[in-house]
Novice: 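Input: one structure, supplied below.
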Amino acid sequence: MKLRLLSILTAITFLCAFPARILGFSTDTYTASSVLSSGRWVKMSVETSGPHLITTSTLRTLGFTNPENVRVYGYGGQRIPDLLSIGNYIDDLPLVRSELTSAGIVFYAEGPVTWTRERDDIFTHSFNPYSTLGYYFLSDSRPQDDPSIPTEGSAPQPDAATTFTERLYHELDRTTPAESGHQLLGEDFRFTPSRTFSFQLPAE
């Protein structure tokens, strides 16, 4: 018992002699007031990455009487890096570039799945381990924020592409073997080795 107590006291003395070094950003890194601090906000979710349309009728149903003033904020299902650095730090909800059309607001949403090109036409996907959906926030309290999408490139060509390659997958992450961390495993095929999976192809 005395030996154990001595070991604990030695560890405490060592920690006191070499305190942990705590680093932080300068105060001007942080916003003085969050965009969420005032106004009316509506939270919405997306399942996949790609262009999304929020129709004018939907905006009015959500209580926005002036759809032209609605702005989209957030970073969706994009995973925030575990390593905190000034290069990847996000202090507040960022404004999402969007376009107001006759049908409603169009913007590009980030879902919880990220695709990485390994080589040639080989792609791998990874999930956000903390969420199965991407989330955005709508508000008309900051109409002065310019959401317009910058334009670039040339005019459409007559020989524009008429086909594209779609990436499909089936994966259900249901088990964490270590009960912590990001390693997630899917379905157990040991007792049901044969299964059928259906994929819904995008509409033309």
Side-chain angles (χ1 to χ4, degrees), residues 25-81 83-117 123 125-128 130-167 200-204:
F25 303 141
S26 60
T27 55
D28 59 0
T29 304
Y30 309 100
T31 183
S33 177
S34 172
V35 296
L36 291 168
S37 62
S38 62
R40 181 172 180 275
W41 294 81
V42 175
K43 185 179 181 181
M44 61 166 288
S45 64
V46 298
E47 296 181 352
T48 59
S49 296
H52 281 63
L53 168 66
I54 309 175
T55 64
T56 302
S57 60
T58 298
L59 292 173
R60 295 190 184 281
T61 301
L62 294 174
F64 296 113
T65 56
N66 298 307
E68 66 276 6
N69 291 336
V70 177
R71 304 291 183 261
V72 184
Y73 298 83
Y75 42 84
Q78 175 186 352
R79 177 181 169 184
I80 299 176
L83 178 62
L84 179 64
S85 70
I86 195 64
N88 61 35
Y89 177 69
I90 302 177
D91 183 53
D92 203 5
L93 289 177
L95 175 69
V96 178
R97 296 298 180 183
S98 61
E99 198 72 32
L100 179 64
T101 69
S102 58
I105 296 177
V106 177
F107 72 102
Y108 188 91
E110 295 280 355
V113 180
T114 300
W115 289 92
T116 303
R117 183 173 183 173
F123 291 82
H125 68 276
S126 59
F127 292 94
N128 184 331
Y130 304 110
S131 179
T132 57
L133 295 171
Y135 293 97
Y136 289 93
F137 296 82
L138 309 177
S139 179
D140 58 358
S141 61
R142 299 170 61 91
Q144 71 278 9
D145 290 348
D146 181 15
S148 58
I149 302 175
T151 58
E152 62 181 18
S154 58
Q157 301 299 314
D159 57 346
T162 57
T163 62
F164 66 95
T165 300
E166 177 68 11
R167 299 182 293 266
Q200 184 66 39
L201 294 177
E204 296 182 357

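Predicted model only: the values in this text are computed from it and were never measured.
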Novice: Not counting sequence neighbours, which residues clear salt bridge (charged side-chain N to carboxylate O under 4.0 Å, His left out) with R40? List them please.
Specialist: none
Novice: Is the NZ or CZ atom of K43 both under 6.0 Å from the centre of the six-membered ring of Y136 and within 45° of that ring's axis?
Specialist: no
Novice: Return the minimal non-hydrogen interatomic distance between G39 and S141, and the atom names on each side.
Specialist: CA-CB, 3.6 Å
Novice: What's the shortest heavy-atom distance between E110 and Q78, and which atoms?
Specialist: CB-N, 4.3 Å
Novice: Kindly indicate whether the side chain of W41, heavy atoms from C-beta on, has any atom under 4.5 Å from the side chain of Y73.
Specialist: yes
Novice: Identify the heavy atoms of F25 and I86 that sit nearest to each other, and give their distance.
Specialist: CZ-N, 3.6 Å
Novice: Under a 3.5 Å distance rule, please check whether N128 uses its side chain to pair with a backbone N or O of V113 as donor and acceptor.
Specialist: no
Novice: Does the side chain of Y130 reach to within under 4.5 Å of the side chain of I80, using non-hydrogen atoms?
Specialist: no
Novice: Does D92 have any salt bridge (charged side-chain N to carboxylate O under 4.0 Å, His left out) partners at least two apart in sequence or in another chain, and if so, which?
Specialist: none
Novice: T56: which residues meet the side-chain hydrogen bond (donor to acceptor under 3.5 Å, both in side chains) condition with it, sequence neighbours left out?
Specialist: none
Novice: Quick one: closest heavy-atom pair of D145 and P147, and the distance?
Specialist: O-CD, 3.1 Å
Novice: Is there side-chain contact between F127 and S131, with heavy atoms separated by less than 4.5 Å?
Specialist: no
Novice: Pair F123, H125 - check ring-ring contact (aromatic ring centres under 6.0 Å, His included), show working.
Specialist: CA-CA 7 Å; F123 291 82; H125 68 276; over 10 Å; no
Novice: Hey, are the side chains of V35 and R142 touching, using non-hydrogen atoms and a 4.5 Å cut-off?
Specialist: yes
Novice: Are L93 and F137 side-chain neighbours, meaning at least one heavy-atom pair lies under 4.5 Å?
Specialist: yes
Novice: Ignoring hydrogens and angles, tell me if any N or O in the side chain of D91 forms a donor-acceptor pair with the backbone of T31 under 3.5 Å.
Specialist: yes
Novice: Check residues 45-52 and write down every donor-acceptor pair under 3.5 Å in which the side-chain atom is one partner and the other belongs to a residue at least two apart or another chain.
Specialist:
from : atom 1 : to   : atom 2 : distance (Å)
S49  : OG     : G111 : N      : 2.7
H52  : ND1    : G50  : O      : 2.8

Novice: Extract all donor-acceptor atom pairs below 3.5 Å that involve side chains of residues 96-109 and protein atoms in other chains or at least two apart in sequence.
Specialist:
from : atom 1 : to   : atom 2 : distance (Å)
R97  : NH1    : D146 : O      : 2.8
R97  : NH1    : S148 : O      : 3.3
T101 : OG1    : A103 : N      : 3.2
T101 : OG1    : G104 : N      : 3.2
T101 : OG1    : G104 : O      : 2.8

Novice: Let me confirm one number: the CG-CZ distance from L138 to R71, rounded to the nearest 0.5 Å.
Specialist: 11.5 Å
Novice: What's the separation between atom CZ in R167 and atom CH2 in W115, rounded to the nearest 0.5 Å?
Specialist: 6.0 Å
Novice: So, do M44 and Y135 sit near enough that their side-chain heavy atoms are less than 4.5 Å apart?
Specialist: no
Novice: Show me the donor-acceptor pairs within less than 3.5 Å that the side chains of residues 58-68 make with the rest of the protein, sequence neighbours left out.
Specialist:
from : atom 1 : to  : atom 2 : distance (Å)
T58  : OG1    : T55 : OG1    : 2.7
R60  : NH1    : T65 : O      : 3.1
T61  : OG1    : S57 : O      : 2.8

